[in-house]
Number of protein chains: 2
Amino acid sequence: MNECSVAPRMGRQPLTTRAALSHVALRLFLERGFDQTTVDDIATAAGIGRRTLFRYFPSKNDLPWGDFDAELARMRAFLAATDTTVSLVDALARAVVEFNRFPSEEVPFHRERMNLLLNVPALVAHSTLRYAEWRFVVSDFAAGRLGVAVDAIEPTVIGWVFLGASLAAYEQWLRTDGSNLIELLESALLLLKEGFTSGELPTVEPGGRA
Amino acid sequence: MNECSVAPRMGRQPLTTRAALSHVALRLFLERGFDQTTVDDIATAAGIGRRTLFRYFPSKNDLPWGDFDAELARMRAFLAATDTTVSLVDALARAVVEFNRFPSEEVPFHRERMNLLLNVPALVAHSTLRYAEWRFVVSDFAAGRLGVAVDAIEPTVIGWVFLGASLAAYEQWLRTDGSNLIELLESALLLLKEGFTSGELPTVEPGGRA
DNA sequence: CAGACTAGTGGCACTCAGTGCCGAAAGTAT
DNA sequence: ATACTTTCGGCACTGAGTGCCACTAGTCTG
């Protein structure tokens, strides 16, 4: 029977968690820089073997992301639960905002993490693979709403456009101390709604200063 | 005096060119796959030393790109030469189309190259760094037209959005044999002009089937 | 022509990320 | 105790990328 609450599954218990390793790595990256930190350093700091670390994360580049898959699943669920009376663009905009809402105590941590992800070249490059998964969630939802294939041009463009707006907001957020990520996201997403029809873009006040 | 046309500059002549190496590498990548091709293989095939190859290209990932910097300079020049009566969005749309126009004999080659760049994970990731340079050209132009800083939110979003539309067109192009890249780009860029105002996207026929 | 100068070449040794293999360790189930 | 299951981590290996340095192939000057 499986009635033990302390060690519910068979075999040896894991020594640590993805979250703990991500945290240790992030600390070292901030202290000495990403390139100056070796995987050995991280493993040693976490008190595990180097080989073991590679079982928790497939690459050094994945360490700052923590458990991104779980976050993505959250966004997918949020979209799935959105009422169909809400327009496609609004539904996506709300989901994006929701996806990027964090408890206030985690905000400084998240800021440092994004600072790395958007500035260290190796991480910038690797991030693309994560963004692709994110875009797929967006495109998939859009395709369902529009009644077209997920690889049709409209859902694809929508995926890219929402990603671009989000990252633009993030870049803005990291650039200015004390700015509010959620407000910046709403500004950027509003730009999409206002559209590019006129050729002259509407001037939107950055949320942080509105 | 410097009047010799064969060897105009001092010192030893280069054994090869970036373009030649890019071509050799691309052939090998197509034959056996990107991951199955080592830098040694490429250097040997090109008849140079491995160490020398790394002087022509900073990384294996850069080989498929050839001389991207020159292409970027062309786009920048095209934008700079665009009449100011043309709206911002139209100017960018024309520049993007121009940037992606190739002589018909190079099209199959370019297609294979983009096939690699958009499908091999390592290349997908690395491409981000090249795209960032591309986006900067777009954002920079937009910032000038809008009279705002290049790191303001509007030019940033515009950079992302045009990149997204371009890549969506490319993905579409690679997916369907015999499709026309230029037409697909125009379709995707039209989506941007039509905008997201209504919440319901206009249905645009893919250029390849129009 | 000799010697100085300059720029490309490539071998060697090194660091570091990532992987396959496999036995040891630490648990649970019977 | 024994069997089974899962994690751990050492070891050896591949392959990308780098610093160093001697060598090569040119030009330029006297």
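Just so we're on the same page: letters track the sequence lines, and every chain starts at 1. Just so you know, these numbers come straight off a predicted model, no measurement behind them.
Counting heavy atoms from C-beta outward, B:S166 and B:L185 have side chains that approach closer than 4.5 Å.
Contacts between residues 46-62 of chain B and DNA chain C, counted as heavy-atom distances below 4.0 Å, involve B:I48, B:G49, B:R51, B:T52, B:R55, B:Y56. DNA chain D lies under 4.0 Å from no heavy atom of any residue of residues 16-34 of chain A.
Atom CD in A:Q13 sits roughly 11 Å away from atom C1' in D:dT5 (whole-Å rounding). Atom CG of A:D41 and atom P of C:dT15 are 14 Å apart (whole Å). Distance, B:I42 CD1 to D:dG15 P: 12 Å, rounded to whole Å. Look at CZ on A:R12: it is 14 Å from P on D:dT6, rounded to the nearest Å. For the pair B:D35 CG and D:dA16 C1', the interatomic distance rounds to 12 Å; values are reported in whole Å.
At distances below 3.5 Å, at least one donor-acceptor pair connects side-chain atoms of B:S127 with backbone N or O atoms of B:L123. The backbone N or O of B:F54 sits nowhere less than 3.5 Å from a side-chain atom of B:K60 that would complete a donor-acceptor pair.
If B:D40 and B:G11 are placed on DNA chain D by their nearest nucleotide, the residue sitting closer to the 5' end is B:D40.
Listed by chain and residue number, B:D140 satisfy the salt bridge (charged side-chain N to carboxylate O under 4.0 Å, His left out) test with B:R76 (two or more places apart in sequence, or in another chain). Scanning for salt bridge (charged side-chain N to carboxylate O under 4.0 Å, His left out) contacts around B:D69 gives an empty result, with sequence neighbours left out. Considering only residues two or more places apart in sequence or on other chains, B:R74 meets the salt bridge (charged side-chain N to carboxylate O under 4.0 Å, His left out) condition with B:E71.
With distances taken from any side-chain atom of B:V39 to the nucleotides C:dT9, D:dA16, C:dA29, the minimum falls on D:dA16. The side chain of B:P14 lies closest to C:dG8 when the candidates are D:dC28, C:dG8, D:dT5.
Ion pair B:R27/B:E31 flagged as a salt bridge, since at least one NZ, NE, NH1 or NH2 atom sits closer than 4.0 Å to an Asp/Glu carboxylate oxygen.
Atom CG of A:L63 sits about 12.5 Å away from atom OH of A:Y56, to the nearest 0.5 Å.
Applying the ring pair (Phe, Tyr, Trp, His ring centres under 6.0 Å) test to pairs two or more places apart or on separate chains, those with a residue in residues 18-40 of chain B are B:H23-B:F109, B:F29-B:F34.
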